[in-house]
K.L.:
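For reference, the structure I am asking about is given below.
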Number of protein chains: 2
Amino acid sequence: MPKRADAQRNEKALLDAAAAAFVESGVDAPVRDIAARAGVGVGTIYRHFPTRSDLIAAVFRHQVEACAEAGPALLKSNDSPHAALAAWIDLFVDFLVTKHGLPEALHEQGLHAYFVERLVPVCGQLLGAAWNAGEITATVEPIGLLRGVGNLCIGAGRDDGYDARQMVGFLIEGLRAPAGSR
Amino acid sequence: MPKRADAQRNEKALLDAAAAAFVESGVDAPVRDIAARAGVGVGTIYRHFPTRSDLIAAVFRHQVEACAEAGPALLKSNDSPHAALAAWIDLFVDFLVTKHGLPEALHEQGLHAYFVERLVPVCGQLLGAAWNAGEITATVEPIGLLRGVGNLCIGAGRDDGYDARQMVGFLIEGLRAPAGSR
DNA sequence: CCACGATACGGAACAATGTTCCGTTTGCCA
DNA sequence: TGGCAAACGGAACATTGTTCCGTATCGTGG
């Protein structure tokens with residue numbers, strides 16, 4: 001049976017309010033603020049999203065999806081698999097650095113599971129292709145690489161002297177270094 | 001004028017208690033737990049260490065100091081400045097990965113300031129030497145590199161599939177990549 | 001059109017945590 | 001030993017995520 005009309009309305013209002021709050025105050029925006037913005041009580045949030053992480057995941061689902069789907073496409077449109085991997089990671093970084101607080105939130109239980117489930121297979125495919133092409137000789141777990149990149153994005157966009165994109169660039173470039181030099 | 005005897009005693013008890021709590025529960029150990037361990041009230045903690053970050057900094061001061069002092073020595077004992085840098089970063093990583101929660105805490109205001117103040121100059125010296133030797137061609141801010149390494153250490157030592165040391169290895173190796181390939 | 005049961009809602013209440021405040025206790029010196 | 005500055009303890013406050021339950025609302029069967 002379909003949800004009640006008010007429930008559907010509230011869910012959408014919550015997603016909109018959360019998105020707005022995340023833009024304005026970062027992903028750490030307090031649950032109460034989001035509830036107030038949506039004009040509902042906190043209980044309503046928790047009925048729709050059992051955990052703050054679930055709400056965050058729901059808000060960003062579309063963008064994560066888009067990122068995941070871009071993987072195979074990049075593999076086709078790039079001559080070198082390593083270049084495709086670099087381009088894909090770039091997309092991931094673009095996504096992360098524009099969401100204040102998301103990279104740090106990525107360590108929360110539920111959110112972490114969601115990102116891993118959706119993105120690790122894609123990363124694995126790109127990494128595997130680069131390995132097969134001989135562009136990478138080290139044994140790297142897809143999940144390890146993604147977590148590394150996610151971690152490097154922590155604190156990006158505070159315009160102090162930290163350039164997450166540059167650091168990710170080094171990391172990806174380092175993957176290519178010949179085994180002998182490591 | 002020297003501190004009162006009980007104050008001195010309590011400060012030492014607090015440092016010991018905090019160190020023990022950090023080993024057992026990580027750097028996130030609640031202030032109340034530390035106070036209880038030391039047999040003092042929370043007010044006493046705040047009189048000695050205005051902020052939790054100050055307490056953390058105090059507990060690890062010796063190790064940070066040792067790390068900082070190792071920099072110039074490594075520069076002398078290594079043929080290549082890049083190798084010295086790698087060795088020094090290794091020391092830093094060793095320090096971080098053995099302290100549950102420290103890398104994430106590194107973003108707290110006071111703690112961050114302390115680490116930056118003490119370690120950035122050392123990192124800058126190693127980085128400068130590698131640059132002068134032509135082993136690094138990119139322009140990298142010492143603070144950026146340190147933050148990157150610190151970030152990569154987040155979540156290390158939970159023995160899930162994340163190998164912070166490996167990621168840091170890639171990052172440092174990536175510094176060396178010729179400018180044309182970036 | 002209305003009553004009624006299932007569904008959903010609101011927000012008070014709880015737990016955990018960092019931090020502040022202030023009445024009380026204690027060390028030290030004259 | 002008396003007194004006071006220094007230090008103490010822990011209750012109290014603010015901020016969070018989360019849970020709970022009495023109340024309001026929706027939608028359907030009559």
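Naming convention: chains lettered A, B, ... in sequence-line order (proteins, then strands); numbering from 1 in each chain.
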K.L.:
Output the rounded distance in Å from CG (Leu55(B)) to P (dT19(C)).
P.N.:
11 Å
K.L.:
On DNA chain D, check which nucleotide each of Glu11(B) and Ala29(A) is closest to and give me the residue with the more 5' one.
P.N.:
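This one resolves to Glu11(B).
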K.L.:
Would you say the ring centers of Phe170(A) and Phe170(B) fall short of 6.0 Å from each other?
P.N.:
no
K.L.:
To the nearest Å, give me how far apart CG (Asp33(B)) and C1' (dG18(C)) are.
P.N.:
13 Å
K.L.:
Are Arg37(A) and Asp33(A) within salt-bridge range, i.e. N to O under 4.0 Å?
P.N.:
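No.
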K.L.:
How many Å lie between CD1 on Ile45(B) and P on dG18(C), as a whole number?
P.N.:
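Rounded to whole Å, this separation is 9 Å.
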K.L.:
Are any of the side-chain nitrogens in Asp94(B) or Arg165(B) under 4.0 Å away from the carboxylate oxygens of its partner?
P.N.:
yes
K.L.:
His48(A) side chain N/O closer than 4.0 Å to the phosphate oxygens (OP1, OP2) of dC9(C)?
P.N.:
yes
K.L.:
Answer yes or no: is there a donor N or O on one side and an acceptor on the other, between the side chain of Glu104(B) and the main chain of Ile154(B), under 3.5 Å?
P.N.:
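No; zero donor-acceptor contacts below 3.5 Å.
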K.L.:
State which of dT26(C), dG18(C), dA6(C) makes the closest approach to the side chain of Arg52(B).
P.N.:
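Side chain of Arg52(B) sits closest to dG18(C).
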K.L.:
Tell me the interatomic distance from Asp6(A), atom CG, to dA8(C), atom P, rounded to whole angstroms.
P.N.:
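These atoms are roughly 8 Å apart.
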K.L.:
If you measure only the distance, is there a donor-acceptor pair under 3.5 Å linking the side chains of Ser53(B) and Gln109(B)?
P.N.:
no
K.L.:
Do Ser25(B) side-chain atoms and Phe22(B) backbone N/O form a donor-acceptor pair below 3.5 Å?
P.N.:
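Pair absent, no side-chain N/O of Ser25(B) close to backbone of Phe22(B).
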K.L.:
Identify, between Pro2(B) and Val42(B), the residue whose nearest nucleotide on DNA chain C lies closer to the 5' end.
P.N.:
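The residue mapped nearer the 5' terminus is Val42(B).
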K.L.:
Could you check whether Arg176(B) pairs with Glu173(A) (Lys NZ or Arg NE/NH1/NH2 to Asp/Glu carboxylate O, under 4.0 Å)?
P.N.:
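Here Arg176(B) does not pair with Glu173(A) in a salt bridge, since their nearest N and O are not under 4.0 Å apart.
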K.L.:
Expressed as a whole number of angstroms, how long is the span from Arg32(B):CZ to dT17(C):P?
P.N.:
8 Å
K.L.:
Expressed as a whole number of angstroms, how long is the span from Tyr46(B):OH to dT19(C):C1'?
P.N.:
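Atom-to-atom, Tyr46(B) to dT19(C), this comes out as 5 Å.
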K.L.:
Distance under 4.0 Å to a non-hydrogen atom of chain B counts as contact; along DNA chain D, which nucleotides mark the start and end?
P.N.:
dA5(D) to dA12(D)
K.L.:
On DNA chain C, nearest-nucleotide positions of Asp28(B) versus Lys3(A): which is more 5'?
P.N.:
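By nearest-heavy-atom nucleotide position, the 5'-most residue is Lys3(A).
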K.L.:
Return the value, rounded to whole Å, for the distance between atom CZ of Arg47(B) and atom C1' of dG27(C).
P.N.:
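Computing the Arg47(B):CZ to dG27(C):C1' distance gives 14 Å.
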